[in-house]
Amino acid sequence: MRKPKVGIFGLTGCGGCQLEILNLEDQLLDLVNAIEIVHFTEAITEYSDNYEIAIVEGSISTMHEIERIKKIGDIAGTIVAIGACAVSGGLNCLKNLYGLEKAKELVYRDKKKLIDSIEVKPVDEYVKVDYYARGCPPNRFEIVDIIRSLIVGKKPEIPNYPVCIECKRNGNTCVYELGITCLGPISRAGCNSRCPNSVSGCEACRGVIDDPNINAQKDLLKEYGLTVEDILKEFNLYNACRGKTIEQKNK
Amino acid sequence: MLYKVLDKSAYRDFVKALISEYEFIGPKKKDRSVHDFVPIKDISELDTNYMRVTIPPAKKLLFPPNEKLVTYEVGRKIEVRPVIESDEEILFGVNAWDINGMNFLDRVFTTDFIDENYISKREKLIVIGMDSKPTETNFSLSMGTEYAKDGFDIYLTELKDKYFIRIATARGNEIVERYAKVSDATAEDFRGYDKYMNNYRKKFKMSVNIKNFYDDFELIYDNEDFWKKIAKNCYSCGSCNLVCPTCFCFNIKDDIELNLKSGSKTREWDSCMISEYGLVAGGHNFRPDKENRLKQRYRCKLKTFIDKFGKYACVGCGRCIEACLAKINIAEDINSVKKEVSV
C-alpha cells in the first residue's frame with residue numbers, strides 16, 4: 001500500500017495536540033511507516049508544500065492564519081482538524097466574548113495597533129474539514145484511527161453519543177451522585193469518559209452531540225442550585241464560538 | 001435441589017476458605033453511594049449488606065463492557081483466531097433479581113446462535129447467591145424475580161442464627177461439602193425459611209401493574225402525545241441500558257493495526273437510546289426521535305421477549321430509575337400505561 005504524504009500544522013493553540021501525536025510512543029514507529037510525514041510544525045525542521053492529508057491543530061485568530069489555512073486547503077485533498085481549538089475554536093473563543101477591541105486593549109495595551117488579531121474562528125469557517133478529532137487534548141488513539149481509516153479507505157467511527165455511555169461502560173458512579181455537576185449527558189463521547197473516570201465533571205471539550213436535550217440539562221443543573229450564568233460559563237469554556245455543533249451548522 | 005443449614009458461627013470460615021481457594025468476586029463498597037462486584041482478597045472487603053444496587057450489574061463478568069472476539073492476520077490468506085477467555089471464579093453475594101437477569105441472558109446468548117464467549121464464562125462462573133435489601137426503586141416482586149429458582153450453584157439465606165442453603169448443582173454440593181460445616185435442613189428450618197421469605201417479600205415497596213401490560217401496550221403504542229410526554233426530558237444518554245442486567249445489545253468494532261497486517265474485532269455495550277442505533281447504511285434512521293427510542297426500549301423490556309421466551313426482559317431491579325438524570329421511571333410509566341388505557 002502506498003504511503004500518503006501528510007503535513008501536520010499548528011495554528012493558534014498550545015501545541016498540545018501535536019504533542020499528543022508524539023506521545024503515541026508505542027505506535028509512533030508504525031505510524032511513520034504507514035504515512036510519510038513531510039511537515040510537522042512541532043517536531044521537524046524540514047518544510048514541504050507537497051502533501052495529500054493535512055492534520056491541523058489550533059484555531060484561526062490572525063489574518064496570517066487565514067492565508068495559511070487557505071493555502072493548506074488548496075494543497076491537501078483531505079483535512080483533519082484535531083483538538084477543540086481547530087474543531088470548535090476552543091478556549092481561544094473566550095476572547096470573542098470580550099469583543100475584539102476590548103480584548104486587544106486588555107492584552108496588548110498601547111501596542112494593540114501593531115498586533116494582527118482577529119475574531120477567533122474554527123478551521124472549518126475557512127476550509128472544508130473532512131474529519132474531526134475532538135477534545136482538549138484530542139484522544140491520540142482517535143487520531144490514529146482516522147489516519148488508519150484514511151489509509152484503508154473506510155469511514156472512521158467517531159462517536160456521536162453522550163459521555164454517559166463510556167462512563168457507564170467504565171463502571172463509574174455518576175458524579176452527580178457525588179455532588180459534582182457534569183456536562184456528560186449532552187457532550188460527545190470518544191474520550192473514554194476521561195474526566196468522570198477521575199471523579200470530575202465533563203466540560204464538553206469535544207463539543208455537544210448533534211441532538212442534545214439542552215432543556216433537560218438546564219433543569220438538571222438548576223436542581224443543583226446553579227444559575228443560568230453558571231450554566232453558560234460551563235458551556236462557554238470550550239464552546240464559546242458556536243451554540244451549535246458542526247453537523248447542525250452544515251445542515 | 002439440596003437443602004442444608006450452616007451455623008452462623010461457621011459462616012466466616014466458609015467464606016474465608018472460598019476467598020483463599022478461588023478467584024473470588026463479591027460486592028465491595030466503592031464510594032459513598034454504590035457497591036461494585038470486584039475481586040475480593042480479604043473477607044473485610046466483602047460487604048453483602050449492600051443497600052443500593054451495584055453499578056454495573058454482575059453481567060459484566062459474563063458479557064464484559066469491552067471484549068475482544070477475534071484477532072486476525074492478513075497475509076497471503078487471512079487467518080482468523082477466536083479469542084475466548086474464561087477463568088473459573090466465584091461470584092458471591094449476587095441477589096435473586098440479578099441471577100434472574102443472568103438467566104435471561106443465558107436464553108438470549110443461546111437462542112438462534114450459541115455465543116461461545118458468553119457461555120464459556122457462564123459455565124465457569126460459580127454463582128453463590130444471597131438476598132440483598134431492595135431499594136425504594138425496586139419492583140422485582142411485581143416482576144416475579146425476587147426469588148431465584150435456578151441459575152446459581154448455591155444460595156444462602158440468612159435466618160436468625162443460621163444460613164439456609166439451597167444447593168442447585170453438583171459443583172455447588174462439592175464446594176459445600178468441602179468447605180462448609182453444614183447439616184441437613186429440618187422441617188423447622190423449612191418453616192423458618194418460609195417465614196423469612198414472607199417477610200422478605202414485604203420489603204418491596206414499589207409495585208407495578210404489569211398484568212395485561214402486553215395488551216395495554218398495543219393500545220398506547222400509537223399515542224404520540226403519551227410518549228412525547230414520557231420522553232420529554234430524556235437525554236438519550238443510554239445510562240438506562242448500560243446499567244441494565246438484561247440489556248444485551250452490542251456493537252462490534254474493527255481495529256486494524258497501523259502495520260495493516262493484523263487486527264482484532266471487539267464488541268462493546270451498545271445502547272438503543274442513542275440515535276446512531278437506528279442508523280443504517282444509506283443514512284436512513286429508523287428511530288430518529290427520542291420518544292420512539294424510549295418506546296422501543298419499553299417494548300423490548302416488557303413485550304418482545306414474552307413472545308420469544310415467555311419472559312420479561314426486565315427484572316425490576318430499579319437500576320435504570322436510579323441512573324436516570326431525567327428521572328424517567330419505568331415503574332411509574334408501566335403504571336401510567338395502565339391508567340391511560342383504562343380511562
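For clarity, every value in this text was computed on a predicted model and none was experimentally measured. Protein chains get the first letters and strands the later ones, always in sequence-line order, with residue 1 at the start of each.
The closest side-chain heavy-atom distance from B/Lys232 to A/Asn215 is not below 4.5 Å. Contact of the B/Leu258 side chain with the A/Asn33 side chain is not registered, since no non-hydrogen atoms from C-beta on lie closer than 4.5 Å.
Contact of A/Leu29 with chain B is not made at all, since no heavy-atom distance falls under 4.5 Å. A/Asn172 touches chain B through its backbone: at least one of N, CA, C or O sits under 4.5 Å from a heavy atom, while the side chain does not. Using a 4.5 Å cut-off between heavy atoms, B/Lys290 touches chain A through its side chain atoms alone. With a 4.5 Å cut-off on non-hydrogen atoms, B/Asp289 does not touch chain A at all.
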Steps toward side-chain contact (heavy atoms from CB on, under 4.5 Å) verdict (A/Glu157, B/Asn251): CA-CA 11 Å; A/Glu157 285 178 50; B/Asn251 186 25; 4.2 Å; yes
side-chain hydrogen bond (donor to acceptor under 3.5 Å, both in side chains) assessment of B/Ser275 paired with A/Asp211: CA-CA 8 Å; B/Ser275 67; A/Asp211 187 18; 6.0 Å; no
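For A/Lys154, the NZ atom counts as densely surrounded, since its 6.0 Å shell holds more than 12 non-hydrogen atoms of other residues, nucleotides or ligands. Heavy atoms of other residues, nucleotides or ligands lying less than 6.0 angstrom from NZ of B/Lys29 number more than 12. Remark: B/Glu23 CD is loosely packed, at most 12 non-hydrogen atoms of other residues, nucleotides or ligands lying under 6.0 Å away. Summarising the local packing, OH of B/Tyr277 is surrounded by 12 or fewer heavy atoms from other residues, nucleotides or ligands at distances under 6.0 Å.
Heavy-atom minimum distance, B/Pro56 versus A/Gly171: CD-CA, 3.7 Å. Contact between B/Cys234 and A/Asn213 at its shortest, heavy atoms only, is O-ND2, 2.7 Å. Nearest heavy atoms, A/Glu177 versus B/Glu322: OE2-O, 4.3 Å. Between A/Ile165 and B/Cys237, the shortest heavy-atom contact is CG1-O, 3.2 Å.
Taking CG from B/Leu325 and SG from A/Cys164, the interatomic distance works out to 6.0 Å, rounded to the nearest 0.5 Å. A distance of 9.5 Å separates SG in B/Cys240 from NZ in A/Lys168, rounded to the nearest 0.5 Å. Rounding to the nearest 0.5 Å places CG of A/Asp219 at 9.0 Å from NZ of B/Lys327.
Interface check for chain A: of the options B/Asp254, B/Ile274, B/Asn233, the most heavy-atom pairs under 4.5 Å are formed by B/Asn233. The residue among B/Ile256, B/Asp36, B/Asn259 with the most heavy atom pairs within less than 4.5 Å of chain A is B/Ile256.
Under a 3.5 Å cut-off, the side chain of A/Tyr161 and the backbone N or O of B/Glu276 do not form any donor-acceptor pair. A donor-acceptor distance shorter than 3.5 angstrom exists from the side chain of B/Tyr235 to the backbone of A/Ala216, with no hydrogens or angles considered.
Ion pair A/Arg169/B/Glu268 flagged as a salt bridge, since at least one NZ, NE, NH1 or NH2 atom sits closer than 4.0 Å to an Asp/Glu carboxylate oxygen.
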